[in-house]
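Residue numbers begin at 1 in each chain, while the letters A, B, ... track the order of the sequences.
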Amino acid sequence: MSATTEETSAGPVRRRAPRGTLRRLLSRPLAVVGLAIIGIVTFGAIFAPWLTPYGVDDQMFDGLTLQGAPLPPNGHFLLGTDLLGRDLLTRILFGARTSLIIGIVANGVSLAIGSAVGITAGYFRGWVGTILMRFTDLMMAFPALLLAICLAAVFTPSLWIVAMVIALVNWVQIARVVYTETRSISEREFVDAERSLGAGSMRILTKHILPHLVPIIIVWGTLGISVTVLLEATLSYLGVGVQPPTPSWGNIIFENQTYFQAAPWLVFFPGAAILALALAFNLVGDALRDILDPTQRGILS
Amino acid sequence: MKKAFYAGVATLAIGIALGAMPAKAQSSGDKGATDASATKAQDGGAITVTFNNDVATLDPAIGYDWQNWSMIKSLFDGLMGYKAGTTELEPDLAESYTVSDDGKTYTFKLRDGVKFHNGRTMTADDVQYSLDRVVDPKTKSPGAGFFSSIAGYQDVADGKAEHLKGVKVVDPHTVEIDLDEPDAAFLHKMALNFAFVVPKEAVEKYGDDFGKNPVGTGAFKMKNWSLGQQLVFVKNDDYFRKGLPHLDQITFQFGQEPIVALLRLQRGEVDIAGDGIPPAKFLEVMNDPKQKKEVVSGDQLQTGYITMNTTEKPFDDVKVRKAVNMAINKRRIIQIINGRATPASQPLPPLMPAYDKSYEGYKYDPEAAKKMLADAGHPDGFETQLYVYNTDPQPRIAQAIQQDLSKIGIKVDIKSLAQANVISAGGSKDGVPMIWSGGMAWIADYPDPSNFYWPILGCSGAAEGGWNWAKYCNEDLDAEAAKADAIVAPGKQQQRYDMWKDVYHKVMDDAPWVPVFHEKRYTIKSDRMGGPDKFYADPINIPVNYDHVWVKNVQ
Amino acid sequence: MIGYLVRRLLQSILILIGVSIVTYALLYVLPADPARQIAGRSATAETVANIREQLGLNDPFIVQYWRYFLGLLHGDFGRSYLQRTEVADLVAARLPATLLLMLGAIVCELAMGLTMGLVAALRRGTNTDQGLMVVSFVGVSAPQFVTGLLLLYVFAVRLGWFPIGGYGTFSHLVLPSLTLGVLGAGWYSRMMRSSMIDVLRQDYIRTARAKGLKRFVVVFRHALPNAILPVIAMIGIDIGLFMSGIVVVESVFGWPGIGQLAWQAIQRVDIPIIMGVTLVSAIAIVLGNLLADVVAPFIDPRIKLR
């Protein structure tokens with residue numbers, strides 16, 4: 001992601017999120033595809049228990065061969081079974097819950113931290129701003145995955161801990177973007193004018209700066225979900241993410257990859273799910289950037 | 001780590017880190033003997049052995065991984081050793097030994113003219129130096145504790161003395177070792193790598209890097225080592241056992257994925273796949289007669305078990321522990337690791353002396369388990385936690401356990417952590433409710449029943465930092481076990497084993513563990529390798545006994 | 001310029017010190033006792049206590065960190081707890097493999113990314129453009145372990161074109177480099193596309209076209225060099241992505257680099273190795289960023305060093 005942050009430069013005064021954003025979004029075929037995928041995944045996550053006849057943790061005796069090999073996709077198990085004889089489709093449907101929860105919670109928290117740091121540093125500057133931004137630089141110098149793994153090892157991983165770990169690693173990008181934006185907005189004449197009219201910091205922040213930041217936060221919020229989903233999958237793939245038996249698309253692959261040559265479906269179905277969801281948020285995020293933030297040409301314009 | 005496809009195979013990834021026990025196994029049969037070309041040993045030739053992980057060190061006082069364990073055995077020797085392919089003790093650097101009647105004094109006569117790889121002749125002083133060194137806290141040896149029965153151990157371990165009072169050089173060919181208490185397993189301990197003899201001048205020359213520049217008396221000497229890539233051993237022409245080793249050279253290659261190693265082996269580029277058969281390929285290999293022919297399987301001195309914290313509710317109630325014992329479907333667990341194990345009824349593995357074949361243990365019976373749980377005052381079960389090492393297949397096994405327990409109403413929360421964290425949690429003062437031991441414990445260090453009791457079931461192991469994760473402490477049993485271990489007379493060993501049998505029966509009556517299975521070991525070799533199967537499933541040397549194997553067609 | 005460089009270097013050093021403090025603190029609170037790891041399973045409590053004392057693990061955090069820091073000043077990264085080998089040697093033995101993998105990844109991502117971006121820019125607004133940009137999004141959205149396993153399955157297991165993981169020859173390098181490069185290729189294709197579109201809009205290009213130069217000549221002789229430079233200047237920033245990626249890619253392909261070293265060390269709580277690899281990664285990332293910033297003004301005169 002780092003490369004694109006540079007694109008955020010001072011541009012003309014941003015409008016607030018224009019009305020009809022949704023309408024404009026729906027007029028873009030790729031964004032529609034993205035929204036559709038997100039819709040399907042959300043539907044699957046919410047209605048998982050009703051969409052499948054099996055329980056998420058049911059280790060079925062007839063789900064394994066006598067030698068202990070998993071079953072390929074068949075009439076009973078549409079996507080086959082995993083190495084414990086559980087229905088893979090069921091695991092993937094319930095895994096969608098994990099991905100969405102982490103995507104929304106972790107990204108929400110990192111958005112909150114990132115925006116707070118970025119706005120504080122960008123508006124107040126001074127020594128507070130300097131310290132905050134130097135700390136952000138420091139965080140940027142960490143190899144993100146190593147940091148996340150170490151954090152996951154310090155705190156015993158659970159769904160919420162994984163979400164927090166991801167948030168702690170991911171807020172940095174947003175802080176940088178929001179900082180740059182805030183700085184350029186607060187240097188504008190109209191902010192100076194307000195200030196000379198005696199407006200307090202709170203008033204300037206809430207009335208003038210925050211509204212201008214909304215579009216960029218929406219855009220980065222959407223793109224960030226994709227990054228979060230991928231990081232969760234990677235941590236779970238390494239075995240330091242969401243704890244079994246709670247399914248996550250990443251830990252399904254972690255548990256089954258030893259069989260990957262003999263039973264590739266165990267890796268490719270959950271892999272495809274991760275890819276599709278991350279892609280969907282990227283497509284929507286890019287379209288939103290296009291609509292809300294004309295200074296940054298979305299790539300699909 | 002050994003991730004990708006392999007991610008911690010049940011059989012061999014055991015203890016890659018500090019679990020790190022040498023696995024022991026016994027040959028399941030001697031079918032190699034019927035192969036005409038394999039019966040006659042041939043000298044010469046070079047082989048290639050692959051491993052996924054680097055070898056850490058070749059210092060015998062420090063190395064404690066299953067990979068370097070047998071490499072060190074080929075570079076160094078101890079006073080005692082094992083007959084190749086068996087668990088039978090025999091004198092090695094010692095020519096003979098005597099034990100005093102009270103079992104507290106061992107006198108070893110050394111072989112004449114044994115030379116270190118640097119050309120110097122080994123003497124009794126070297127034996128004394130090596131034992132002092134392994135106990136010296138500065139060496140930080142993971143094996144120091146094995147020698148605690150030697151007189152003066154504590155003073156050296158505390159840094160108060162430099163020399164073990166109990167180790168005396170009588171003359172250049174004789175060493176006398178005095179013990180504080182009789183120790184029936186002492187000769188086994190003298191056959192551990194930690195007791196191997198090293199030359200002082202080489203240790204002092206290389207300092208902390210002696211492990212990278214090993215100098216021993218063994219059948220092979222190290223030629224070169226490119227860190228992280230390969231390690232080359234060449235034949236030691238001065239080796240004291242005439243006619244050994246058969247091979248001229250062994251090349252160990254590292255960083256080789258087990259799946260890659262297997263493919264290269266099939267192509268003839270590799271002779272021994274050190275990590276064994278990866279799970280993804282296991283059924284394929286075993287269902288193919290041509291490949292299966294080159295597989296040698298054997299049992300190990302290993303047991304995988306579930307510990308229950310006997311000092312905390314609800315597992316302080318023996319009824320609850322028995323109910324859990326009856327609730328675990330061991331066959332199902334073995335099925336999910338492709339049958340690479342046999343079900344366990346007791347702590348000891350079948351190859352151990354004192355194993356009781358007739359003991360049936362707790363039968364799988366979820367109904368009875370549920371009833372017993374209700375009797376214990378938990379008709380609706382309870383919630384608890386199960387700690388597990390986060391490398392496949394351990395989390396899968398933990399989930400199978402979880403499902404079994406949920407059937408009798410026990411709701412288990414799985415904590416899947418890095419190995420070091422599980423071991424720390426288990427060894428903490430109060431311990432944790434349940435641990436699945438897979439990948440960490442327990443493989444015997446030597447083939448003696450005492451090694452399966454003291455560290456993991458005895459009171460001393462229940463202290464903070466110990467490996468007795470069930471915190472099981474039965475002082476009467478400790479006393480009985482100590483009595484058994486005081487029987488050192490060679491003629492009375494059967495009596496000793498009977499006492500140990502009784503100890504383990506009583507352990508199972510208290511049910512601090514659920515013994516789940518004993519893992520089997522599978523070695524795969526190329527078709528040009530010769531020698532009886534027992535050298536390929538050697539209980540002491542994993543994966544193979546390098547000193548004794550040979551290649552069939554030496555050019 | 002010199003002043004700027006000195007200032008940036010000083011800043012970088014401060015950042016690295018910060019990284020070392022934060023990592024050391026994280027590892028300090030890790031719930032696993034290294035002394036117990038070293039002591040092995042037959043150790044008594046006294047042995048463990050003794051080892052803890054020897055390693056100075058009883059000292060307060062500040063003292064321990066200060067000792068480590070002094071060592072760093074002498075280029076001493078410490079000795080691995082479990083391998084008993086100098087961390088510097090362990091890292092040095094594995095660094096070449098990782099650097100080779102990164103080099104391969106850079107080649108892959110530039111080859112794929114620049115080509116895709118160029119074609120998309122030249123076919124701007126067409127289905128080809130849209131299609132390529134969707135592909136670039138797929139590259140950005142694919143988890144590396146899935147990409148890696150997929151490439152392995154198709155090209156190594158099914159087609160047998162490449163070895164199934166391992167290290168040594170050129171053919172071992174291809175699949176891991178591709179896997180590590182796919183993410184970057186996604187970004188580069190997008191950057192290349194917009195950079196190229198920018199350049200094609202410039203007056204001198206229009207002039208050249210107006211003078212009747214062939215489109216081919218204009219694009220490849222005049223536009224491409226100008227469009228490519230700002231994109232290539234971003235390579236320094238990739239290091240951060242790579243440093244995260246190698247942990248996964250090296251483990252999927254059994255590549256003997258520092259990513260695997262780090263992962264093994266984390267499993268075994270071998271703190272000196274974790275510290276060493278983290279610091280080496282951080283140094284690489286900081287240098288990469290520095291390089292990108294320093295090179296930028298030479299390529300794009302509009303950027304000034306501050």
- Message: With a 4.5 angstrom heavy-atom cut-off, is it the side chain or the backbone of B/Asp413 that approaches chain A, or both, or neither?
- Response: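 No part of B/Asp413 comes within 4.5 Å of chain A.
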
- Task: Check whether B/Leu417 gets within reach of chain A through its side chain, its backbone, both or neither, counting any heavy atom under 4.5 Å.
- Result: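 Side chain only.
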
- Query: Counting only heavy atoms not in A/Phe135, do more than 12 sit closer than 6.0 Å to its CZ atom?
  - Reply: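 Counting other residues, nucleotides and ligands, CZ of A/Phe135 stays at 12 neighbours or fewer.
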
- Query: Can you tell me if CD on B/Glu367 sees more than 12 non-hydrogen neighbours from other groups inside 6.0 Å?
  - Reply: no

- Query: Is it true that the side chains of B/Asn338 and A/Tyr259 contain a donor and an acceptor less than 3.5 Å apart?
  - Reply: yes

- Message: So, applying side-chain contact (heavy atoms from CB on, under 4.5 Å) with A/Pro245, which one of B/Gln403, B/Gln402, B/Arg396 is it?
- Response: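 With A/Pro245 as partner, B/Gln403, B/Gln402, B/Arg396 yield a single side-chain contact (heavy atoms from CB on, under 4.5 Å), made by B/Gln402.
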
- Heavy-atom pairs under 4.5 Å with chain B, option from A/Ala262, A/Ser158, A/Pro244 with the top count: A/Pro244

- Heavy atoms only, distances under 4.5 angstrom: which of B/Ala425, B/Ala400, B/Gly339, B/Ala418 has the most pairs with chain A? Name it, please.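 It is B/Ala400.
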
- Item | Shortest non-hydrogen contact between A/Gly239 and B/Asn390, atoms and distance |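 Reported closest heavy-atom pair: O-ND2, 3.4 Å.
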
- chain B contacts: which residues in residues 75-94 of chain A have a non-hydrogen atom closer than 4.5 Å to it? A/Leu83, A/Leu84, A/Gly85, A/Arg86, A/Arg91

- Just checking heavy atoms, which of residues 54-68 of chain A are less than 4.5 Å from chain B?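 Under the 4.5 Å heavy-atom cut-off, A/Asp57, A/Asp58, A/Gln59, A/Met60, A/Phe61, A/Leu64, A/Thr65, A/Leu66, A/Gln67, A/Gly68 qualify.
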
